[in-house]
Amino acid sequence: MEEEPYIPDVPITMKESTSLFPNNLSAWGHSGTMHYVVTSRGLVNIIVAKSGGTMQKQMQGKECSHAKPIIQAKFVALSGNLYLILCTFHGIQIHNATDQRLLLFHPLPADPSKPGEEVFAQGASSIGNDMVAVGASSGRILIFKKDSGTFSWADTLQATFSGHSNPICDIQYNGKRLFTSDDNGCVLVWSQNGDSWDLLKTFEGAGSPCSTMCVYKDYIVGGYGSGHIRIFNHQEGSLVAEITAHARWINALDVNPSGLMASVSEDTVVNLWDLNEICLQHTFSIPNVQLCGVQFLQGSNDFAVTGYDMKDILIFKENANFKKL
């Protein structure tokens with residue numbers, strides 16, 4: 001039997017199943033302990049895994065329910081403290097990830113020019129050691145800043161800005177530049193200028209949402225509802241590659257420090273790519289599962305995957321016995 005480059009590890013079984021939203025897995029690791037969070041309608045499943053076993057908690061989002069679910073949950077580490085950001089149909093929540101205390105709730109106002117239209121938050125990223133950026137259905141990006149050296153957050157915005165005319169899908173930050181994508185497939189590149197943000201580059205969309213992104217070196221990579229992956233050089237402002245990567249909606253991308261990128265889709269397929277060579281390294285299917293989250297674990301080649309209506313977080317470990325041709 002031919003050896004596979006990845007082998008499944010023992011899965012982590014959650015109390016509730018996974019909702020079908022893009023980027024529906026966030027993982028953060030430190031000193032051998034992994035933290036996972038997955039949204040399940042109006043709840044989030046929080047798992048802390050270490051060598052001695054796992055601990056699980058469930059948390060109800062403020063004013064969230066089956067009818068008004070949590071769209072995204074994401075861990076961010078700022079100044080040594082771990083926070084949990086929830087993007088919902090009611091607004092933006094920031095919690096202490098350790099004890100789940102609500103530290104900030106910022107409701108999103110309805111647009112009076114669009115009566116009856118849903119408002120929601122989607123897409124989140126840390127910026128430096130004391131700020132987070134969160135996207136809104138209005139196309140705006142909201143920047144929140146925490147008090148220096150404490151867990152405290154003031155419910156005042158550091159900044160709001162937009163070059164988008166469609167709802168934000170995802171936000172990434174690489175230490176120098178901020179990247180935002182929207183429901184029309186547009187990707188914008190921003191640079192901080194004091195308390196404001198300057199638009200540096202625009203990569204136009206073609207009508208299909210850029211639901212997920214990742215950043216590696218000079219590349220910003222977008223995964224689209226059409227199943228395409230597009231790789232842009234954000235320094236030069238050029239399209240480097242366009243790949244028909246999946247047969248259905250791409251829900252999540254992640255990349256590790258070596259340039260290994262994972263993409264998962266509603267077509268049940270996990271693809272692993274080498275961004276240094278821009279080539280496909282490995283592909284496999286998880287039958288009958290619409291995949292909606294993927295994360296590498298503590299910068300390694302091991303990764304975790306989630307799928308719609310599934311209670312398991314699937315873990316895949318690199319096979320040390322696999323011999324590359």
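Residues take their numbers from the sequence shown, with the count starting at 1. Predicted, not measured: the structure shown is a model, and the values here were computed from it.
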List the steps, then state whether side-chain contact (heavy atoms from CB on, under 4.5 Å) holds for L142 with L108. CA-CA 10 Å; L142 294 79; L108 296 175; 4.2 Å; yes
Hey, mind stepping through V294 and V270 against side-chain contact (heavy atoms from CB on, under 4.5 Å) and telling me if it holds? CA-CA 9 Å; V294 65; V270 180; 5.6 Å; no
What's the verdict on ring pair (Phe, Tyr, Trp, His ring centres under 6.0 Å) for Y6 and F303, showing C-alpha distance, side-chain angles and the deciding distance? CA-CA 10 Å; Y6 285 86; F303 60 92; 5.2 Å; yes
I would like to know whether D312 and T13 meet side-chain hydrogen bond (donor to acceptor under 3.5 Å, both in side chains); could you show each step before the answer? CA-CA 4 Å; D312 287 339; T13 301; 2.7 Å; yes
Checking side-chain contact (heavy atoms from CB on, under 4.5 Å) for the pair T306/L291: CA distance, chi angles, key distance, verdict? CA-CA 6 Å; T306 55; L291 301 174; over 6 Å; no
If you apply the rule side-chain contact (heavy atoms from CB on, under 4.5 Å), what do you find for V255 with V221, and how did you get there? CA-CA 10 Å; V255 65; V221 185; over 6 Å; no
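Note: N321 CG to I7 CD1 = 7.5 Å, rounded to the nearest 0.5 Å. Atom OG of S208 sits about 9.0 Å away from atom CG of N184, to the nearest 0.5 Å. Atom CG of L78 and atom OG of S126 lie 5.5 Å apart (nearest 0.5 Å). In this structure, CG on L275 lies 5.0 Å from CE on M261, to the nearest 0.5 angstrom. The CD1 atom of I168 sits 5.0 Å away from the OG1 atom of T180 when rounded to the nearest 0.5 Å. Note that OH of Y224 and CE of M213 are 8.5 Å apart. Values are rounded to the nearest 0.5 Å.
Among residue pairs with one or both ends in residues 262-274, those qualifying as side-chain hydrogen bond (donor to acceptor under 3.5 Å, both in side chains) are H246-S263, H246-D267, H246-N271, N251-E266, S263-W273, S265-D267, T268-S285, N271-T283, D274-N276; sequence neighbours excluded. Within the structure, every pair that satisfies the salt bridge (charged side-chain N to carboxylate O under 4.0 Å, His left out) test and touches residues 50-69, not counting sequence neighbours, is listed here: K68-E118. Screening residues 31-40 for salt bridge (charged side-chain N to carboxylate O under 4.0 Å, His left out), with sequence neighbours left out, gives no hits. The stretch residues 187-210 participates, sequence neighbours left out, in these ring pair (Phe, Tyr, Trp, His ring centres under 6.0 Å) pairs: F161-W190, F161-W197, F203-F232. Sequence neighbours left out, the pairs with a member in residues 202-231 that pass salt bridge (charged side-chain N to carboxylate O under 4.0 Å, His left out) are R230-E242. Among residue pairs with one or both ends in residues 129-143, those qualifying as side-chain hydrogen bond (donor to acceptor under 3.5 Å, both in side chains) are R140-T160; sequence neighbours excluded.
Looking only at side-chain heavy atoms (C-beta outward), L199 and L188 come within less than 4.5 Å of each other. When side chains are defined from C-beta on, L314 does not count as touching P8, because their heavy atoms never get closer than 4.5 Å. Considering only heavy atoms from C-beta on, C169 stays 4.5 Å or farther from C210 through its side chain. A 4.5 Å side-chain heavy-atom check between T54 and V48 finds every atom pair outside the cut-off. Side-chain atoms of Q56 and K15, non-hydrogen and from C-beta on, do get closer than 4.5 Å to each other. Side chains of H106 and L104 form a contact here, defined as non-hydrogen atoms less than 4.5 Å apart. Contact annotation: the side chain of N174 never approaches that of I220 to less than 4.5 Å [non-hydrogen atoms, C-beta and beyond]. Side-chain contact between Y219 and I278: present, with at least one pair of heavy atoms (C-beta onward) separated by less than 4.5 Å.
Between the side chains of H228 and S226, at least one donor N or O lies within less than 3.5 Å of an accepting N or O. Side-chain atoms of D170 and S181 form no donor-acceptor pair, as typed in the model, at a separation below 3.5 Å.
With sequence neighbours excluded, the residues satisfying side-chain hydrogen bond (donor to acceptor under 3.5 Å, both in side chains) with N301 are N256, E318. T88 is linked by a side-chain contact (heavy atoms from CB on, under 4.5 Å) to C64, I70, L86, H90, Q93, counting only residues two or more places apart in sequence or in another chain. Legend: residues meeting side-chain hydrogen bond (donor to acceptor under 3.5 Å, both in side chains) with Q58, ordered by chain and number and at least two apart, are N45.
Of all the heavy atoms in I250 and G227, the pair that sits closest is CD1-O, 3.3 Å. Looking at every heavy atom in both residues, S162 comes nearest to I141 through CA-CD1, 4.4 Å. Contact between T18 and Y308 at its shortest, heavy atoms only, is O-CD1, 3.5 Å. Between D182 and N166, the shortest heavy-atom contact is CB-O, 3.8 Å. Among all heavy-atom pairs drawn from S31 and Q298, the shortest one is N-NE2, 3.6 Å. Taking both residues in full, the closest heavy atoms of S40 and E16 are given as OG-CB, 3.2 Å, listed atom of the first, atom of the second, then distance.
Remark: the backbone N or O of A73 is not paired with any side-chain donor or acceptor of T39 at under 3.5 angstrom. For the pair S191 (side chain) and R177 (backbone), a donor-acceptor distance under 3.5 Å is absent. Between the side chain of N193 and the backbone N or O of S196, no donor-acceptor pair lies under 3.5 Å. Remark: the backbone N or O of V240 is not paired with any side-chain donor or acceptor of S238 at under 3.5 angstrom.
Under the 4.5 angstrom side-chain criterion for Ile, Leu, Val, Met, Phe, Trp and Tyr, W249 has no cluster partners at all. Taking Ile, Leu, Val, Met, Phe, Trp and Tyr as hydrophobic and joining them when side-chain heavy atoms fall under 4.5 Å apart, one finds I47 in a cluster with I12, M14, L25, M34, Y36, V38, L297, I313, I315. When hydrophobic residues (I, L, V, M, F, W, Y) are linked wherever their side-chain heavy atoms come within less than 4.5 Å, the members clustered with F21 are I71, F89, F120.
Hydrophobic cluster membership differs between L260 and Y216, with clusters built from Ile, Leu, Val, Met, Phe, Trp and Tyr side chains linked at under 4.5 angstrom. Cluster annotation: V215 and V189 are assigned to the same hydrophobic cluster (Ile/Leu/Val/Met/Phe/Trp/Tyr, side-chain heavy-atom contacts under 4.5 Å, transitive).
Aromatic rings from Y83 and H95 are positioned such that their centres are separated by 6.0 Å or more. In this structure, F179 has its ring center closer than 6.0 angstrom to the ring center of H234.
The environment of N288 atom CG is sparse: at most 12 non-hydrogen atoms of other residues, nucleotides or ligands sit within 6.0 angstrom.
The aromatic rings of F284 and H282 sit tilted relative to each other, their planes meeting at an angle between 30° and 60°.
Here the rule is side chain to side chain contact (heavy atoms under 4.5 Å, CB included) with C292, and of T212, N24, N23 only N24 fits it. Checking each of H35, K74, Q72 against S26 for a side chain to side chain contact (heavy atoms under 4.5 Å, CB included) leaves exactly one that passes, namely K74.
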